[in-house]
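So that the names make sense, note that chain A is the first sequence line, chain B the second, and so on, each numbered from 1.
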Number of protein chains: 2
Amino acid sequence: MNVAKFLDPNSWIDGSIGPLYVRLRKRIEDGIESGVLEPNTPLPPEREIASLTALSRVTVRKAIEELVDRGVIVQIQGSGSFVTEKKARVEQSLSRLTSFTEDMERRGMASESKWLERGIFIPSPDEVVVLALGASDSVSRITRLRIAGDRPMALERASLPLDILPNPTAVEKSLYEVLQASGNLPVRAIQKISAINLDEKDAELLGVPENSAGLHIERTSYLSSGRVAEFTRSKYRGDAYDFVAELRLATN
Amino acid sequence: MNVAKFLDPNSWIDGSIGPLYVRLRKRIEDGIESGVLEPNTPLPPEREIASLTALSRVTVRKAIEELVDRGVIVQIQGSGSFVTEKKARVEQSLSRLTSFTEDMERRGMASESKWLERGIFIPSPDEVVVLALGASDSVSRITRLRIAGDRPMALERASLPLDILPNPTAVEKSLYEVLQASGNLPVRAIQKISAINLDEKDAELLGVPENSAGLHIERTSYLSSGRVAEFTRSKYRGDAYDFVAELRLATN
DNA sequence: GAGTGGTCTAGACCACAGG
DNA sequence: CTGTGGTCTAGACCACTCG
């Protein structure tokens, strides 16, 4: 399959939906995936892609832009746009906001939960501040032991404003599924990760010796409006979990 | 100061350099910083900003785009572009690739290093794979104890291909300063973070009791070309350091 | 319906890489 | 010098919010 033919709009542009730049981006991704576009070889020039696809160059650039962000393509002014080698690419799920359920699925493990607490409570001072609650607001709280592949993995306590999760007992498996159903899915989160020695109680729940190293993760999630949707504190087994993050050099 | 006047190009557009969309972005950032543009209030419509600044709407959108990425501005179709509340914003340095030196400066601490190893070595199998070395290539390696505010903070072992760091003894303080000088500054990195119990030797170097929890961080850094520039393994004191990361919901 | 952001176009000029 | 990506424009239409 040659590149010009692969980009011929008649064969794909009606096959997907959404903005043209998204469709083109996906087409290019498919091309890389299927080997039509190979690592270390240049894409056709932007102007040529534009003419091949019958799109404007601005639209072509917008399609490529996201691929550059993800590290799949490197653009060099005056030279060309190149597909990077696979090992240099950032896995797309690295900086992705995932639920524990999804995270474990990605690692090929089934996950379950054992409920420790699930209901509506009077908020702690921490919760009032982080969730921006009013003086008389209550808080939804769900605390559970996360189990994956028959091994306890984490203790997780999530707190949410009552209007975002009015019925905490409705959460059966994935909190994020419930939030998505009500249109309250966070789009961004900040995590603070530190190391702790697990105390006797936590160690017992996680099935490790007292004083074992664990990861303490505090996550604050935001809706697209900028409002805080969720505040979660988790303790992960140090011997069974690692956290992967992507960093970028600031462009300021 | 009113918004229209603040955006009047005569007063600022020549005062900075670079592309127009970058200058406008910085102007808007200044406006938010100085209070001319207030949280929860809408920016002028894109078309109005364009006419006020005598720029095209495309350029205005590009300026705003980055601010939306950082969570400083929220755009709502059909409604407007709003400045978010400060507490909902992502600190710009969160997902930023920083050196230990910078990182400590940001936290208001002076940093120093105690050299444990610095020179050219035969690579370990790990290093050969991660750094994509040839069979006969050597590796530059620098190992040091990082100290901040008179407290040992981390043990750090960095490995780099010889052509990227030909002279490891030239590194006096910041590795990244040396890399920048030679045009080999990484633009992206992947970090894997896990928790470990520090063994006797490491605990002694870090000045904590044996078996204390520590953060183990493996970082692989990439040049803009996609090539691996640096592979670093660090052990941080769990009681003195935390790692902050930003997550996003994938838009696929 | 009026006003907003979201997408798209055709064309121009600039900055840089490489023969 | 030619060809590439980087920036910028003026104008159009669509999709959505809100009164």
Open item on the list: Looking at Glu156(A) and Arg219(A), is any side-chain nitrogen of the basic one under 4.0 Å from a carboxylate oxygen of the acidic one?
Closed with: no
Open item on the list: By nearest heavy atom, map Ser79(A) and Gln75(B) onto DNA chain C; which one lands nearer the 5' end?
Closed with: Gln75(B)
TODO: Would you name the heavy atoms of Thr101(B) and Ser174(B) that are closest together and state the gap between them?
DONE: OG1-CB, 3.8 Å
Open item on the list: Could you check whether Asp163(A) pairs with Arg227(A) (Lys NZ or Arg NE/NH1/NH2 to Asp/Glu carboxylate O, under 4.0 Å)?
Closed with: yes
Open item on the list: For DNA chain C, which residues of residues 47-62 of chain B approach it to below 4.0 angstrom with any heavy atom?
Closed with: Arg47(B), Arg57(B), Arg61(B)
Open item on the list: If you apply the rule side chain to side chain donor-acceptor pair (under 3.5 Å), what do you find for Thr169(B) with Asn167(B), and how did you get there?
Closed with: CA-CA 5 Å; Thr169(B) 55; Asn167(B) 186 8; 2.7 Å; yes
- [ ] Starting from the 5' end of DNA chain C, give me the residue, Arg23(A) or Ile76(A), whose nearest nucleotide shows up first.
- [x] Arg23(A)
- [ ] Please report, rounded to the nearest Å, how far the P atom of dA15(D) is from the CG atom of Leu20(A).
- [x] 12 Å
Task: Presence of salt bridge, Arg25(B) and Glu65(B), under 4.0 angstrom - done: no
Open item on the list: With a 4.0 Å cut-off on N to O distance, would you call Glu172(B) and Arg118(B) a salt bridge?
Closed with: yes
TODO: Grab the CD1-P distance between Ile73(A) and dT4(D) for me, whole Å please.
DONE: 16 Å
Task: Closest contact, heavy atoms only, Leu185(B) versus Tyr176(B) - done: CD1-O, 3.6 Å
Open item on the list: Between Asp69(B) and Arg188(A), does any NZ, NE, NH1 or NH2 come within less than 4.0 Å of an OD or OE carboxylate oxygen?
Closed with: no
Task: Positional range of nucleotides in DNA chain C within the contact set of chain B, heavy-atom, under 4.0 Å - done: dG3(C) to dT7(C)
